[in-house]
Amino acid sequence: MVERFARFSLAIFEISRCWHKLAAEEMAAYGLKGAHAIYLTAMYRMEDGVTGPQLCELCGRDKSDVSRTIAILQEKGFVTKEGVNQSLYRGLLKLTKQGRAAAEQVCKRASLAVELAGGDLNEEDRECFYKSLESIAGHLREMSRDGLPKL
């Protein structure tokens, strides 16, 4: 049991560390940080725009992080907010032309990274992996919300 926990934990941490390093390298070309990649890719998928609360859900981030990041992305010309005199949480956030171009490039690079990282997996293995990962994430989300059950 301990061995399984160690393998799982080390693999997750290594994936996260490498992913953040790659994201930082890609986002540096735009004068942004690696953490901004998740916002650009989420907004890219939502062509009609997204609200602040929706972005919190899509990116798994809290309101304060979304607010700070959107302020940076607006300042750098990647995002606009539609709806004059509306707060972040009522306005509709959209990528600018510059933001859409950056997000498209980041999405392409992310797809390439995922393809290369899983290059030795066949489709059946890949489907099993993602199904398992989503199951584990769901259960961990429940436990982090409700607490671990008592033994």
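By convention here, the first residue in the shown sequence is residue 1.
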Please find the pair of heavy atoms, one from [X] and one from [Y], that lie closest to each other, and give the distance.
X      : Y      : result
Leu55  : Val50  : N-CG2, 3.8 Å
Leu148 : Met143 : CD2-SD, 3.5 Å
Cys107 : Thr41  : SG-CG2, 3.6 Å
Arg126 : Leu121 : NH2-O, 3.1 Å
Ile70  : Met43  : CD1-SD, 4.3 Å

For Glu47, does the CD atom sit with more than 12 other heavy atoms under 6.0 Å from it, leaving out its own atoms?
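Open.
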Please determine if [X] and [Y] form a salt bridge, counting it only when a charged side-chain N lies under 4.0 Å from a carboxylate O.
X      : Y      : result
Glu127 : Lys131 : no
Lys21  : Glu25  : yes
Arg17  : Glu14  : yes

Rounded to the nearest 0.5 Å, how far does OG1 of Thr80 lie from CG of Leu95?
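The distance works out to 8.0 Å.
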Under 3.5 Å, is there a donor on one side chain and an acceptor on the other for Asp65 and Tyr39?
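There is such a pair between these side chains.
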Between Lys108 and Glu104, is a salt bridge (charged side-chain N to carboxylate O under 4.0 Å, His left out) present by the stated rule, with each step listed?
CA-CA 6 Å; Lys108 284 179 185 176; Glu104 184 174 351; 3.6 Å; yes
